[in-house]
Amino acid sequence: MEQIFSKLKGDKWIWIIVIILSGWSLLAVYSSVGTLAYKEGKGTELYLVKHFSIIAVGLVLMYLSHKLDYRWYAGISKILMVITIPLLFYTLIFGNNVNDASRWVTIPVINQTFQTSDLAKLALITFLARMLSRKAHEIKDLKKSFIPIMGTVCAVFVLIAWANLSTALMLFGTSVLLLLIGRVSAKQIGIVCVGGGVLLALVILLGPRRATYMSRIEGFFKTEKVDGVAATVPFQEDKNFQANNAKIAIATGGLFGKGPGNSIQRNVLPHPYSDFIFAIIIEEYGTIGGVILIMLYLALMYRVIRIVTLSPRAFGAFLAAGLGFSLTIQALANMAVAVGLGPVTGVPLPLVSMGGTSILFTSVALGIILSVSRSIEELKNKEELQEGNITAPKTASPKKVVVGTV
């Protein structure tokens, strides 16, 4: 283990947390895909191997990302933004339409789906970090800073929200947090929030998924009385079908859970391996398991905040803060939905839910955070070395003794 960690630079605790979450993900996904495997006529081992392969590729991308100096991502962010906005347009028009939402595009040759909003999150956060760090002295200037920054944020928000409102809202919230850290005036942030609220209302009222959004919001605030046990009610008859069965999973899990692989609600919930995997984890590992999982994400955020406070450059601090906030907000949103604290969304649990592009881009984001941490460590070691060379006492070289014969 020492030899492995000697090759991994950056915050070692983040590496440990990622490894723990990845291992837990393998157990939870393998336990949750039974119904999916039965419907598609495939073995559960096939999904386990596929999920393991994606996690392995994610760890490789994380390693490669953390080896690259984080300052390179400032230039990469411009390229990503040039690619991202047209790609989001293309997804809305030509993307794979599922449940009135075009979120995926199919990559030619390999014939694999790709969720463009995952790329957009990474692109926007790195772009914001670059803009806020480079325009720190003129951040309150309307033409030079505010309009270019907020024009980009609003454009990405609308393009994502049209098909994926929950992801767009979390990304917008992360952007506002970065603006607060970047010392943008309260008046300008207020204008941003008002503009975001107007855009949100337009998407909910005029977007292609307006019926779905209204149904989920009404279902969250209004409990319908359904005869019989929730698990026996067809999905079409109960708007709160998923939320109710997630609560059943949590309630029956108790303090210590039913044990790995013993979940009952995994056979009832439509997406127990992605959107509601936290409920399955609590059912199998109990409240203690759920609390441990929450603490892992909070510990991850704590380590990120520590990196932000130690970063000598503004770009590194903004970059780590934005990516860290994005991952933590997404994790808390997924868990809040599972326990009934929010309306049902399609947000996966980072590094735990089964998925392709979500895991890969999450791994790249963590790799970038570790790149910032690695640069801090290298700078600290350099300063200590220089300080040691200055303060170290000079020792006289030993004199050569010549022994002669009498």
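Of the possible polar contacts, one joining the S375 side chain to the V372 backbone as a donor-acceptor pair under 3.5 Å is found. The backbone N or O of A123 sits nowhere less than 3.5 Å from a side-chain atom of S77 that would complete a donor-acceptor pair. With hydrogens and angles disregarded, a donor-acceptor distance shorter than 3.5 Å links the side chain of Y297 to the backbone of P350. A distance-only check finds no donor-acceptor pair linking the side chain of T328 to the backbone of F325 [under 3.5 Å]. Side-chain N or O atoms of Y30 include none that pairs as donor or acceptor with a backbone N or O of H51 at under 3.5 Å. Side chain of S371 to main chain of L68: a donor-acceptor pair is present (N/O by atom type, distance under 3.5 Å, no hydrogens or angles). Side-chain N or O atoms of T91 include one that pairs as donor or acceptor with a backbone N or O of L87 at under 3.5 Å.
For the pair I55/L59, a side-chain contact is recorded, criterion being any heavy-atom separation below 4.5 Å from C-beta on. Looking only at side-chain heavy atoms (C-beta outward), P272 and I280 come within less than 4.5 Å of each other. Looking only at side-chain heavy atoms (C-beta outward), L122 and I368 come within less than 4.5 Å of each other. Considering only heavy atoms from C-beta on, L179 stays 4.5 Å or farther from V153 through its side chain. Inter-residue side-chain proximity for L177 and I329 is flagged as met; some heavy-atom pair is nearer than 4.5 Å. The shortest side-chain heavy-atom distance between L298 and Y302 does not fall under the 4.5 Å cut-off. The shortest distance between side-chain heavy atoms of L366 and L300 falls below 4.5 Å. Proximity of M170 to K121: side-chain heavy atoms (C-beta onward) are nowhere separated by under 4.5 Å.
Aromatic ring pairs are classed by plane angle as parallel below 30°, tilted from 30° to 60° and perpendicular above 60°; the pair Y63 and H66 is tilted.
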* Given the rule in the side-chain contact (heavy atoms from CB on, under 4.5 Å) test, do K50 and M354 qualify, once you have shown the distances and angles that lead to the verdict? -> CA-CA 10 Å; K50 182 180 178 181; M354 186 175 75; over 6 Å; no
* Hey, mind stepping through S65 and Y73 against side-chain contact (heavy atoms from CB on, under 4.5 Å) and telling me if it holds? -> CA-CA 10 Å; S65 300; Y73 292 105; 3.6 Å; yes
* To do: Show the numbers, then the answer: is there a side-chain contact (heavy atoms from CB on, under 4.5 Å) between M81 and V156?
  => CA-CA 9 Å; M81 286 307 303; V156 174; 3.9 Å; yes
* To do: Start with the C-alpha gap between F127 and L80, add the side-chain angles, then the distance that decides, and say whether side-chain contact (heavy atoms from CB on, under 4.5 Å) holds.
  => CA-CA 8 Å; F127 179 77; L80 288 179; over 6 Å; no
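For Y285, the ring-ring contact (aromatic ring centres under 6.0 Å, His included) test picks out W24, with sequence neighbours left out. Partners of I20 according to the side chain to side chain contact (heavy atoms under 4.5 Å, CB included) rule, which considers only residues two or more places apart in sequence or in another chain, are I16, L296. Applying the ring-ring contact (aromatic ring centres under 6.0 Å, His included) rule to F278 yields no partners; only residues at least two apart in sequence or on another chain are considered. The ring-ring contact (aromatic ring centres under 6.0 Å, His included) check on F172 picks up F157, with sequence neighbours excluded. Scored by the ring-ring contact (aromatic ring centres under 6.0 Å, His included) test, Y90 finds F94 as partners (sequence neighbours excluded). Partners of S117 by side chain to side chain contact (heavy atoms under 4.5 Å, CB included), not counting sequence neighbours, listed by chain and number: Q115, I160, N164, T167.
Heavy-atom minimum distance, L178 versus L132: O-CD1, 3.5 Å. Shortest non-hydrogen contact noted between A279 and A338 is N-CB, 4.1 Å. When all heavy atoms of T44 and A37 are compared, the pair lying nearest together is CG2-CB, 3.8 Å. Closest heavy-atom contact between V308 and A320: CG2-CB, 3.9 Å. Closest of all the heavy-atom pairs between S373 and I307 is CB-CD1, 3.6 Å. Closest approach of I54 and L360 over heavy atoms only: O-CD2, 3.8 Å.
The list of salt bridge (charged side-chain N to carboxylate O under 4.0 Å, His left out) pairs with a residue in residues 245-273, not counting sequence neighbours, reads K258-E283. For residues 57-85, the salt bridge (charged side-chain N to carboxylate O under 4.0 Å, His left out) pairs, not counting sequence neighbours, are D69-R71. Sorted by first and then second residue, the salt bridge (charged side-chain N to carboxylate O under 4.0 Å, His left out) pairs involving residues 357-375 (not counting sequence neighbours) are R374-E378. Legend: side-chain hydrogen bond (donor to acceptor under 3.5 Å, both in side chains) pairs involving residues 303-327, not counting sequence neighbours, sorted by first then second residue: D11-R303. Counting only residues at least two apart or on different chains, no side-chain hydrogen bond (donor to acceptor under 3.5 Å, both in side chains) pair has a member in residues 124-134. For residues 322-343, there are no salt bridge (charged side-chain N to carboxylate O under 4.0 Å, His left out) pairs, not counting sequence neighbours.
For the atom pair S363 OG and F361 CZ, the distance stands at 10.5 Å (nearest 0.5 Å). The line from CG of L159 to OG1 of T116 is 9.0 Å long, rounded to the nearest 0.5 Å. The structure places OG1 of T287 at 9.5 Å from CZ of F256, a figure rounded to the nearest 0.5 Å. Note that the OG atom of S358 and the CD atom of Q330 stand 5.5 Å from one another [nearest 0.5 Å]. One finds the OG1 atom of T345 at 9.5 Å from the CG atom of L165 (value rounded to the nearest 0.5 Å). Atoms OG and CZ, from S25 and F52 in turn, are 11.5 Å apart once rounded to the nearest 0.5 Å.
Tested against L349, the residues N334, D275, L21 include a single side-chain contact (heavy atoms from CB on, under 4.5 Å) partner, N334.
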